[in-house]
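Please read the structure below before turning to the comments.
Hydrogens, waters and symmetry mates are skipped; everything else that's a heavy atom, side chains included, is used. Order of the sequence lines fixes the chain letters, A, B, ..., with proteins taken first and strands second; residue numbering starts at 1 for each chain.
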Amino acid sequence: MTSDAPILSIRGVSKRFGDVTVLQDISLDIEPGEIFSLLGPSGCGKSTLLRLVAGFETPTSGSIWLDGKDMSRLPPNRRPVNMVFQSYAVFPHMSVEDNVGYGLVADRRPRAEIDQRTAEALEQVQLDAFANRKPGELSGGQRQRVALARALVKRPRLLLLDEPLSALDAKLRDAMRLELVKLQESVGITFVIVTHDQSEAMAMSDRIAILEGGHLRQVGSPAELYRKPSDAFVADFIGNVHAFEVQRIDVDVDGAGAGAGAGAGAEMVLDIASARLGTVRLTMDLPKGIEPGEQAPDSTLLVVRPEHVSVTLDEPPQGSVSLIGQLGDIAFQGSRSIVEVQLADGSGLTAIVDESIADRLQAADAGAPITAFWEADAMRLLGRQAHDTASAGTGTGTGTGTGTGTGTGTGTGTVES
Amino acid sequence: MATDKAGLFDYSRKWSLRLVFVFGAIFLYLPIIVLIVFSFNDSRRGGNVIWKGFTTKYYEKAFGNEELLLAFGNSLTIAVTSTFASVLLGTLAAVFLWRFRFPFKPAFEGFIALPIVIPEICMGVSLAMFFSQMGWMDTSNRIWPFNLGNIIIAHITFSFPFAAMVIRTRLASFNPEMAEAARDLGANEWQAFRDVLVPHMRPGLIAAALLSFTLSLDDFVVTFFTSGPSTVTFPVKIYSMVRFSVTPEINAASTVLILMTLVLTYLALRYQRLAS
C-alpha cells in the first residue's frame, strides 16, 4: 500500500441495508497487476464489497476510486470493471461465441473487431472448439471459462471474481486455481477475488484482506497474515490456532513505552499467568492496544499454531511450554499425522507431527499420558479483536476460570459470537 | 428384472390401471369424437345418433353461412387483439411484481389474481353495467372492428391476470445474476431486459398467449353480457343456432375450431422446443 498509484482505492466505505450495517468504514488500496483476495466467513460483507466495486450497489458513505477517478455513482455498464459471477451467469440462449461477444456488441464495436477479439478470448481459455455450442452442452468448468472469456474480452481494468472455485468439484478446483493464476500472469489484469476459503486465498493471492462482521481486520500478504496476524480472529482464520486466555501481563524489562511497543520494537519479557499454563516468559513486543497489567479474561489471548505443537511420551525439552494430557485420536495423513491431546478440562489440543513421532504414538495406548509442548517463541500475544466490536464474545467454554486452554473449534466460535 | 411382474411404479403394466386410463380417456374424448364423427353424418339433425352415411355437405354449408363466418371472424379478431394486450399487460405486471418491492405488494398480487376466481357471471354483469353507465353499450353506429371494443376490453380484463400469473411463475426461476452480468458487460437497463430477461420469459410468454387466446375464443358468459345487438361472436352464434335446432352444421363448425386450436397449440409447442 505504499505505491503512489493504486488502481483501486476504497475510501471509508460503509454500506447499510435498512438497519443492518454490512460494511463499516472500509479503506483499502489495490495495486495494479496483483491478485487481491477478500477473505472472510459468510456474512462478513465481502460479496457486498465486490458488488460495490462492480456498481450493483452504491456505498452509503465513502467513495470508490478507480485510476484516480471517483466511480462510486457510475452504473455498472459504465465502469471499466468486469465480473465473473458465482453462478457464472452465462446466457443460456446464446452460443458460447455470442456470450463472449456480448459485451463488445453492447459497446457497439465494429463486427470485425468483435469477431477477432472473441476468437482471441476463446483461444485464451481453450474454448475455441466450442464457439458454436450452447452453454447447456458445456460442463461447469467450461461454463466458467466462458464467463472468464466474456469478462476478459472487454479488457477491464479490474476483473472481479465472486467465489470462482466454489461451484467446481475438488479436483477441478485445484487445477483451476493454478490456471487462474497463470491466466492473470498472461493478461496482466488486476484480479479481485472474493472467497471464504482461506487455503484458496493463501495459494492464489498476492495480498489478502480479511473481513469479519463488516470490518476490515487485516490486509497483507499471505505470509504476513500467517506470521503476524493482527488479532486472534485473523490468526485462527488463516490456519488454526490454540488460544489461551491471558490474565496478567507483567513487563520485566523496563517497558517505558509499553503501549507503543509494537511499532517501536522494544523488547520486553512478559509474565503470562494462566490457570493451566502457569507463568510463561516470552520475549516479544506488546501488540498495539494491549497494556501491561491485569487483563480482562477475554481481551487478550496467547495463541500457538498446531503445526508448532509437538508431543512426546517422555519429558519435554527444557525451556519449552508444555501441557500434560491424554493421547486421543491419531489421524494419519501421509508424511504427517494429526494427534489429538485430551486435556484435563475436556478440551482438546491438536498437534501436527511427523512420521517418526506418529509411529511411536501408534504403539502407545489411547489415553496414555502424553505431553504437548512447543517453543515459547512460537506463541503470539494477540488481542481477541482488533476492532471495538468485541465484548460480545464470551461464549463457548472459554469464559470459565478453569477452561483457559481452548481448542481450535472453541476459539473460532468465541470470536464469531 | 423380471418381465412378467409389474413393479410398484410400472403403472402402464398393471391391467387395473390401464383400465382406469382407458375409462378416463373415453370420458374426456368420447364427446369430442362423437361431435367430429357426426359432423360427417348425412342427417338433418346433429343430435341424431343414427349414422345415415358420409357427407361433407355440412362443411360446405358452414363455410357458406355468412353470419357464422362473420361471427367467426369477430371471434378471431377479438382473440388476437385481446391476446396481444393481455400478454403485454401481463408482462408489465409480472415484471413489476418481480422486480420491485413496494408497500401492500401482497395485497396487490391478490388483486391481480382476483378476476381468476370471481365467477364469470359476476364479471359479465359488472362489465355490462360499466359499459352502459359509460354509454358504450350501443355499438351499432361504430364501424368494424371498433364495434368489438367492448368485448375486447372485457376479454382483456379476464385473460390478463392469467397471463400475468403464468409469466410471473416463469420469472421466479430467473437468476438475477444474469441481468447483472448483462449490465456488467455494458448493457443498459433496456438492453439487459431485451437480451436476457425476455429470452428467459419466452416460454412463459407463449404459454400466456395460448391461454389468453383460448380463453377469449371460447368465452360465452362475459361476451354474452358485453356484446351489443350487432356484434356476435362464434360461441354466441352457436348458442343461438343450437336454440333453434341442432344441425350437423354446428358439428362441422366446431370441428374446424378444434382443428385450429390443435394446430395452433402444436405450432406453439414446436416453436418453444426449437427455441430451447
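Neither the backbone nor the side chain of B/Ala179 comes within contact range of chain A, judged by heavy atoms closer than 4.5 Å. The contact between A/Arg51 and chain B is made entirely by side chain atoms (from C-beta outward), counting heavy-atom distances below 4.5 Å. At a 4.5 Å heavy-atom cutoff, the contact between A/Phe56 and chain B is made by side-chain atoms alone. Of the two parts of A/Val90, only the backbone, made up of N, CA, C and O, holds a non-hydrogen atom closer than 4.5 Å to a non-hydrogen atom of chain B. When heavy atoms are compared at a cutoff of 4.5 Å, B/Asn175 approaches chain A solely by way of its side chain, counted from C-beta outward. If you measure heavy-atom distances from A/Val81 to chain B, the contacts under 4.5 Å come from the backbone alone.
The most heavy-atom pairs under 4.5 Å with chain B, out of A/Gly55, A/Pro76, A/Gly103, A/Pro75, come from A/Pro76. Heavy-atom pairs under 4.5 Å with chain B peak, among A/Ala151, A/Ala147, A/Ala89, at A/Ala89. No other option in A/Ala54, A/Pro156, A/Ala106 has as many heavy-atom pairs under 4.5 Å with chain B as A/Ala106. Of the listed residues B/Asp195, B/Asn188, B/Val196, the one with more heavy-atom pairs under 4.5 angstrom with chain A than any other is B/Asp195. Between chain B and the options A/Arg79, A/Arg150, A/Gln86, the largest number of non-hydrogen pairs under 4.5 Å is found for A/Arg150. Per-residue counts of heavy-atom pairs under 4.5 Å with chain A were compared for B/Glu189, B/His200, B/Arg183, B/Gln191; the largest is that of B/Arg183.
In the displayed structure, B/Met165 atom CE is contacted under 6.0 Å by at most 12 heavy atoms of other residues, nucleotides or ligands. Crowding of A/Arg173 atom CZ: a count of heavy atoms from other residues, nucleotides or ligands under 6.0 Å exceeding 12. Around atom CZ of A/Phe17, more than 12 heavy atoms belonging to other residues, nucleotides or ligands sit under 6.0 Å away. Annotation: B/Arg99, atom CZ; neighbour count of heavy atoms from other residues, nucleotides and ligands within 6.0 Å does not exceed 12. No more than 12 heavy atoms of other residues, nucleotides or ligands shown are found within 6.0 angstrom of CZ on B/Phe27. Atom CZ of A/Arg78 sits in a sparse spot, with 12 or fewer heavy atoms from other residues, nucleotides or ligands closer than 6.0 Å.
Between the B/Glu177 side chain and the A/Ser87 main chain, a donor and an acceptor come within less than 3.5 Å of each other.
Using a 4.5 Å cut-off on side-chain heavy atoms (C-beta onward), B/Met178 and A/Pro92 make contact.
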Worksheet entry | From CA spacing to verdict: side chain to side chain contact (heavy atoms under 4.5 Å, CB included), A/Asn82, B/Leu185 | CA-CA 7 Å; A/Asn82 287 108; B/Leu185 291 166; 3.9 Å; yes
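Minimum interatomic distance between A/Tyr102 and B/Ala187 (heavy atoms only, all atoms of both residues): OH-CB, 3.4 Å.
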